[in-house]
Amino acid sequence: MAQLTRRSAKLLEPISAAVSATRHLTTSSTSPITVETSLPFTGHKIDPPSRSVETTPQELLTFFRDMALMRRMEIAADSLYKAKLIRGFCHLYDGQEAVSVGMEAAITKKDCIITAYRDHCIFLGRGGTLFETFAELMGRKDGCSKGKGGSMHFYKKDSGFYGGHGIVGAQVPLGIGLSFAQKYNKDENVTFAMYGDGAANQGQLFEALNMAALWDLPSILVCENNHYGMGTAEWRSAKSPSYFKRGDYAPGLKVDGMDALAVKQACKFAKEHALKNGPIILEMDTYRYHGHSMSDPGSTYRTRDEISGVRQERDPIERIRKLIISHDLATEKELKDTEKEVRKEVDEAIAKAKESPLPDASELFTNVHVKGFGVEAFGADRKELRAVLP
Amino acid sequence: MAAAIMQSVGATTAISSVNYKNSGYASRRSFPERKRSCLSIHCDGSLTFGMNNQNNRSAGLSTNAVASKQDNVTASTASKPGHELLLFEALREGLEEEMDRDPHVCVMGEDVGHYGGSYKVTKGLAPKYGDLRVLDTPIAENSFTGMAIGAAMTGLRPIIEGMNMGFLLLAFNQISNNCGMLHYTSGGQFKIPVVIRGPGGVGRQLGAEHSQRLESYFQSIPGIQMVACSTPYNAKGLMKAAIRSDNPVILFEHVLLYNLKGNIPDEEYVCSLEEAEMVRPGEHVTILTYSRMRYHVMQAAKTLVNKGYDPEVIDIRSLKPFDLYTIGNSVKKTHRVVIVEECMRTGGIGASLTASINENFHDYLDAPIVCLSSQDVPTPYAGTLEEWTVVQPAQIVAAVEQICK
């Protein structure tokens with residue numbers, strides 16, 4: 001009961017607390033709680049949504065668990081990389097988890113998400129399993145892309161996750177194409193095309209935005225602004241660091257990307273907007289703790305104080321933890337138990353993935369072309385079937 | 001559909017009922033009715049595309065690729081007389097038929113809609129199908145190519161028109177990394193059934209930047225197929241085949257060939273994307289060519305015939321993968337090869353073809369392969385200079401005389 005009097009400092013102001021009597025983590029209570037986001041939204045050519053976000057205890061606990069899982073997965077990937085089980089490039093998402101879970105909470109699996117190479121957690125959010133993730137990272141045949149894609153090429157077609165792209169910025173026109181198809185098929189879904197602050201300077205982004213705005217495509221461009229384009233800070237590469245304003249004619253919204261609830265509110269708002277009025281840009285103000293990739297220590301262009309400062313004040317998991325505790329939805333111990341569970345899950349997935357075999361040599365040549373080319377060739381004047389390629 | 005069993009002029013294989021899987025060479029079968037189950041060819045994982053050597057032939061794409069001379073001539077034994085049209089109209093007909101057949105087919109490019117296409121290939125389609133299906137894009141090749149590829153990932157079948165092939169260099173990243181590779185890097189989850197088409201080639205004094213031959217730049221991209229059309233018949237057939245194919249196909253057209261007149265059948269037909277076309281069977285030398293150079297070769301062939309030579313002319317049509325079956329049969333017959341292409345000398349289609357033939361058919365060659373290509377220069381504007389960047393019939397005649405000595 002002492003916890004009821006505990007209030008977290010300055011970060012949260014719960015307007016009303018629906019305190020549930022039972023604090024068991026498995027209770028799926030759906031009684032609504034209204035929470036205020038940490039910062040107000042800033043709009044560009046649009047009225048920003050309200051700061052008050054409706055959520056439920058179940059949702060908050062799910063947020064916590066999912067983010068803890070993602071954090072644990074990325075840290076495990078770090079150790080696997082150092083153990084040389086993961087090779088090549090490995091771009092880690094820890095610190096940015098709130099963007100993924102917040103987005104998922106606002107949309108369905110019929111909406112499409114496309115992102116760049118920092119895709120492990122987004123893949124998980126879309127319904128990918130830990131086993132598939134680790135198997136793909138280690139190049140095994142049970143990976144989501146059969147071991148042929150690697151860290152930068154995670155895809156999950158059945159839940160609308162279109163990857164996973166290595167070339168900076170090239171995924172944005174693809175994302176506009178996804179929304180073009182959504183408009184063509186009239187299916188009332190949206191596409192979230194995600195990119196970083198570095199990619200925001202690519203010309204193809206503006207070309208794609210122009211087309212999306214011209215034809216009112218249901219696309220949402222999400223700039224995950226972690227303030228560093230690999231080693232170059234945002235102020236050194238962009239004349240105008242207000243990425244949400246860069247759309248000019250397209251409305252934009254600046255969101256605190258470390259607050260999962262703010263992200264959820266913004267994505268919900270953006271989806272409604274995009275379905276009616278065309279593209280909107282969301283700038284998620286977020287931060288990555290690791291370097292750009294595993295080959296970047298991450299400390300040559302920023303101070304360790306900065307990193308630990310953000311970790312102390314803005315960490316997304318800590319924010320949800322404090323929310324849960326202050327609303328008395330779970331005890332410290334229960335949350336710690338969740339984290340232990342999650343850690344165990346990750347370890348088990350890694351062990352299982354390590355046992356998965358490497359792909360067959362014949363897999364080198366599969367999936368280069370769609371099997372059989374799908375063409376029936378015949379000459380009308382000879383009325384003779386020459387070939388049916390299955 | 002009434003069926004006529006036909007023998008075409010120049011066919012070299014007898015009709016027999018040999019099971020294609022066991023034979024070294026496929027035999028062409030005539031079917032009383034069109035049955036889908038009769039002749040099915042499976043591409044198994046062990047077939048390496050583009051390296052169609054003889055060993056793989058029996059297990060893989062063994063279509064009998066010996067086309068007859070009747071391909072672009074009125075089929076006299078057909079039930080209907082066929083109709084005459086220009087090549088760009090044939091392309092349009094093919095496009096229209098496919099758009100009628102499948103609502104997922106759409107076109108995007110600069111000025112394809114209201115303007116009707118800079119070479120009139122899409123004229124009249126926008127009023128018929130609407131602005132979304134025949135989409136006028138802004139001048140942003142990189143993005144609209146990317147957009148088409150993204151749309152293809154969800155199941156649409158877009159046709160991307162480059163107003164001039166050279167402009168597609170701006171979209172090279174999208175074509176190479178996304179179009180060609182997504183099927184592979186996603187482990188087969190996504191297929192990209194796009195068709196990228198546009199005019200290229202030298203000929204209207206358009207200047208260096210507008211007279212490019214991109215076949216050579218795109219040929220190494222894994223995952224794509226490339227075809228080049230040269231007559232109204234194969235233009236329509238290849239366009240339809242490319243649209244129906246689940247793989248990304250680049251269809252190369254030529255600026256000078258759009259107004260070529262030809263006769264095509266009234267019935268529906270589709271050409272094979274991987275087949276070469278036998279233009280003129282012969283005995284002395286194999287001349288391999290594609291696109292506009294086919295006409296220079298045929299002109300040279302007239303001179304050669306008068307001089308007593310008997311050249312075999314093959315329009316390779318499929319630039320990637322090469323139809324080494326047809327080409328191989330020809331090499332085995334004539335033992336001499338001349339390649340005439342419009343690509344640059346360095347790293348062009350001819351260079352790859354020379355390497356392929358040398359690798360696979362070395363024993364059958366009596367003389368080194370002669371490859372006639374365009375000069376390695378930017379195309380000049382002046383008419384006479386432009387003529388001399390590409391191969392002229394006189395050079396072809398000289399090369400054949402040289403090789404046959």
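Since the model is a prediction, treat every value here as computed from it, not as a measurement. Sequence lines set the chain letters: A, B, ... in the order given, protein chains first and strands last, and positions in each chain run from 1.
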According to the interplanar angle, ranging from 0 to 90°, do the rings of B:Phe190 and A:Tyr155 count as parallel (below 30°), tilted (30 to 60°) or perpendicular (above 60°)? perpendicular

Is A:Glu136 in contact with chain B via its backbone, its side chain, both, or neither, using a 4.5 Å heavy-atom distance? neither

Atom group of B:Asn142 that falls short of 4.5 Å from chain A, counting heavy atoms: both

Side chain, backbone, both or neither: which part of A:Ile167 has a non-hydrogen atom closer than 4.5 Å to chain B? side chain

Any side-chain to backbone donor/acceptor pair from A:Lys146 onto B:Gly187? Under 3.5 Å, distance only. yes

In terms of heavy-atom proximity below 4.5 Å to chain A, should B:Gln189 be classed as side chain, backbone, both, or neither? both

Can you say whether A:Leu214 sits under 4.5 Å from chain B via the side chain, the backbone, both, or neither, judging by heavy atoms? side chain

So which residue, A:Ser179, A:Pro173, A:Pro359, ends up with the most heavy-atom pairs under 4.5 Å with chain B? A:Pro173

Nearest atoms (heavy-atom pairs only) where A:Val370 meets B:Lys191: CG2-CB, 3.6 Å

Toward chain B, the part of A:Asn185 with a non-hydrogen atom under 4.5 Å: side chain

Find out whether A:Trp215 and B:Thr137 are in side-chain contact, i.e. whether some heavy atom of one side chain is under 4.5 Å from a heavy atom of the other. yes

Between B:Thr154 and A:Ala181 the two heavy atoms that sit nearest each other are OG1-CB, 3.0 Å

Which atoms of B:Leu135 are under 4.5 Å from chain A, going by heavy atoms: the side chain, the backbone, both sets, or neither? side chain

Can you tell me which of B:Ala140, B:Gly150, B:Cys106 forms the most heavy-atom pairs within a distance under 4.5 Å of chain A? B:Gly150

Between the main-chain N or O of A:Phe365 and the side-chain N or O of B:Tyr184, is there a donor-acceptor pair closer than 3.5 Å? no

Is A:His153 close to B:Met181 at the side-chain level, that is, under 4.5 Å between some pair of heavy atoms? no

Please tell me if the side chains of A:Glu207 and B:Pro138 come closer than 4.5 Å, counting only heavy atoms from C-beta onward. no

Honestly, the part of B:Ile224 sitting under 4.5 Å from a heavy atom of chain A is backbone

Per-residue tally against chain A (heavy atom, under 4.5 Å) across B:Ala148, B:Pro103, B:Gly146, B:Ser143 peaks at B:Ser143

Any side-chain heavy atom of A:Phe180 within less than 4.5 Å of one from B:Leu132? yes

